[in-house]
Chemist: 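The structure that follows is given in the form of structure tokens.
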Amino acid sequence: MTQSTATAAPLKAKRSNPRQMGTAIGYAVLAATLVALVLFLVLPVSTILYKAFRAQGHFSLDYFRLLFANDLQTTAIYNSLLIGVAATLLCTVLSLPLAVINARYEFPGKKLLTGLLLTPMVMPPFVGAIGFQRFFARRGSVNLLLLKLGLIDSPIEWLEGGRVFWAVVALEVLHLYPIVYLNLTAALANIDPSLEEMATTLGVPRWRQFKDIVWPLARSGYFAGAIIVFIWALTDLGTPLLVGFQETMPVRIFNMITDVNENPVGYALVCLVILITFAVYLLAKTSTRGKSYDMMSRGHVSSAVKKISAVSAAPFYLLLVATIAAALLPHISVLITSLSSKWFMTVLPEQYTLDYYKQILHTDLPLIGIKNSLLFSGSSMLIDLLLGAMIAYVVVRKLIPFAGLLDALTMVPLALPGIVLAFGYVTTYTNTILDPFTNPTALLIIAYAVRRLPYMVRSAAAGLAQTSIALEEAAATFGASRFYTLRTITVPLVSANLIAGCLLCFAYAMLDVSDSLILAMKDRYYPLTKAIYALFLEQGSGEFVASALGVVGMALLTVCILGASLMLGKKMGELFRSG
Amino acid sequence: MEVTFDHVSKKYGDVLAVEDLNLKIAEGSLHFLLGPSGCGKTTTLRLLAGLESTTSGRILFGGKDVTSLPAAERGIGMVFQNYALWPHMTVAKNIDYGLGLKRLSRVQREQRLQEALELTQLTRLADRLPGQLSGGQQQRVALARALAIRPTVLLLDEPLSNLDAQLRLEMRDNISRIHRQTKITTVYVTHDQKEALSMGTEVSVLRAGRLIQSAPPRQLYHHPETPFIARFIGETNLVHATYRGDDDGHHLFECGFGHLLTKRPKQVLSPGQAVTLSFRPETISVQVDGAARPSVNPLRLVLEHLTYLGESEQLALRTSDQQILRANIFNPPEHDLQEGTVVVCNVDPEHILVLPVEHDLSSGT
């Protein structure tokens, strides 16, 4: 590397040394990232911590005392933790066989089915909850169907009492299992099949092979996904809010936001979420420390994938189709709701209509929501593209010492729950130029950008890592400057990854729930998701228009994600890892 | 343990990976399965190991049919091409893991572990993780792990292919030594003919799923049964020729650049029959001093190219019908042979092999 720059130097003596130039770029990007992260990550979080531990001008644990003295709050904390644990466990149970099937077997239609398995990830559980609720209402389709079949005598209250807890868990699991599934599949596929074959020749039973060999090697991959699932389920605001499960931490926080200055217990609650998140990451990191092993594959690796016929794959089809159907059920129910015209006391609507879609175009709120979301998401995507691509370049090409630190820094937002960040923005930037109560546009764009930055960095880094530095050096030997090389060689080569990153950032910003719900306080600044929520709360046809708007959002998201996965291929799974 | 393949075939879908294999592997031998990639040698080994099931035929271990026996009950020890070391277990744990499944006392287990470590000179490295070892050390761990369970048959799948040239030579000696010490029947898969020739007690050459010839190294080199083997084991000149009959105790063959006389071959030939003649580069003698000597097969060839290698010289010689023959001169005397000039050569009839015609001579090497 140094050789090539040395030979290039005499050719263009006047031009500054490319190596120094690279270092300069490196530090500039580092500085920009640091400023952005300090202002919009560190500051909000530390403000919360500061306020949570400070009463009457000095350090105090009063708010925590108040928090834990309140039964309503402790129940909410307990419920949320339980949702997190239950969702993670169920995701694991569901994903393990799916991952084994994907990593170890080849059968007709596998590509399509395993692809469809990922669809719930791109469907916001928040929207699915609307349809889910209709299906499981007292006079909803499920009860009516069961009554009709004579399986029950009186309707079951699915969404009352303890059952609402399981409704939330079910929705979380159906939304989040792909994250565990993707990570497990990658971990399993990474294990050289000869490691198990060797054990087979020694007579090690299958279950012991799994326990002694497969699991230790797949563990860190599994944890990387499981942590994200736990944190997401723990801090998801949209689902419990729409299903009407008030006794959860995120909903409590959401309700406290408007009067946080009168009731500082909110700080303590958010602080608790931060502590739990931090603790879980720490726990996972220590339990997998030094436990990540490079597979020492050398030369020829025999394929682990076993080809089986469609007939012998029958149980696999059953499991895959059942999972996909269950995962899509909430979304199908949203679709049906949005199309239904007469739907009263029947399993499925008696008549269908496109009226609610027409209403979207003729009502203010949905149009404002779509317009705002396009603007906010688009802007945040551009910020991510610029910053993320630069960060990835600096990190992958190691332009500065401690490039790994920069990488770690940009991954922090992935770990930080959206609800914490939004809450922090409100407390930090109220009564400043960015005050969300007057105009949340800037903060919403920033919140979207900060939280999706990791996707962009990962996506761009994946592309850059595959693009040999020799290609850039070759250009440098002809006297091309670093910027010229970037523009003509590097960017074109990683464009697919950049576009994929953009699509992901855009799509996830479009359907962001916690930031949107918390930061947008006035009608005219409502993004799509808050508009859906507001419509859902409206009497009359609100629920139906909300469903229609939800379907529009899902369609948008699907197109973006499909595009991204086409461009990223198998690399897609790497975006949803915590470590 | 004597190993027998009895009409064994293996099909993957429509692809025949191993076709009607009949082979006896003698007890205590170091038997090589040699062939170019894709010839079915690794599949054959995996059939032996029980990692693949046969499509038809039987596999016998010392007279006992093991065809349907699972891998664990065959008493084999296997070394995989990529070693397949468990990266999360230390060297000792890797070796001990298999022992833990045998009915052994704690003392026996420890003893077997130490034995295996000593045999492969790994005692010092027992507490390391595989990731902390060099390629050669990893290879030895794989060997120790396979040996520790005291297999009746040891299976090695290209064990040296991931090592650099120097280490490969060392490990050849190592494996030969261990084989001499343990006398375990060993089946060794490789595509490297030098490995097979230098180490094997017997070598089976496979091509496209079929066994072509099975013989001790010397016999394989000096008496290959097909042109493919002649080319695959060492270097040779292959010449299409037609049998023209007897001439003064020799067989007379007509080829594109004249006539060649050979010693009487084993097989019975009829005049007009097409054959392939094979003679090694070192069997062509080149007259460097220009003095005419009587010879049986004098050839006037154009010296196309000469490569000087110190202890030897390699010559590329062009025949009148534009074929290139290769000749090696060992300990070459001083001479002034010029490229582009005609040189007089001689091929000793003793060393010309008469082989059947093989279709598609160019492929499979």
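Here is how names work: the chains are called A, B, and so on, in the same order as the sequence lines, proteins then strands, and each is numbered from 1.
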Chemist: Check salt bridge (Lys or Arg N to Asp or Glu O under 4.0 Å) between B/Asp96 and all other residues, then give those that pass, not counting sequence neighbours.
Modeler: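 Listed in chain order: B/Arg109.
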Chemist: Is it true that, when you exclude B/Lys194 itself, more than 12 heavy atoms of the residues, nucleotides or ligands shown sit nearer than 6.0 Å to its NZ?
Modeler: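 No - once you tally the heavy atoms of other residues, nucleotides and ligands closer than 6.0 Å, there are 12 at most.
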Chemist: Does B/Lys10 make a cation-pi contact with B/Tyr12 (under 6.0 Å, within 45 degrees of the axis)?
Modeler: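 Cation-pi check for B/Lys10 and B/Tyr12: passes.
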Chemist: Quick one: sort the B/Tyr97 and B/Trp86 rings into parallel, tilted or perpendicular, breaks at 30° and 60°.
Modeler: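 Plane angle over 60°, so perpendicular.
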Chemist: Quick one: which of B/Ser161, B/Gly77, B/Ala71, B/Pro151 has the most heavy-atom pairs under 4.5 Å with chain A, could you say?
Modeler: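 Counting heavy-atom pairs under 4.5 Å, the top option is B/Ala71.
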Chemist: If you count heavy-atom pairs under 4.5 Å with chain B, which of A/Glu196, A/Lys307, A/Arg208 comes out on top?
Modeler: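 The option with the most such pairs is A/Arg208.
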Chemist: Looking only at heavy atoms and a cut-off of under 4.5 Å, which of B/Pro70, B/Ala84, B/Gly13 has the most pairs with chain A?
Modeler: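 Of B/Pro70, B/Ala84, B/Gly13, B/Ala84 has the most heavy-atom pairs under 4.5 Å with chain A.
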Chemist: Find the one option among B/Lys102, B/Arg145, B/Glu158 whose heavy-atom pairs under 4.5 Å with chain A are most numerous.
Modeler: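 Of B/Lys102, B/Arg145, B/Glu158, B/Arg145 has the most heavy-atom pairs under 4.5 Å with chain A.
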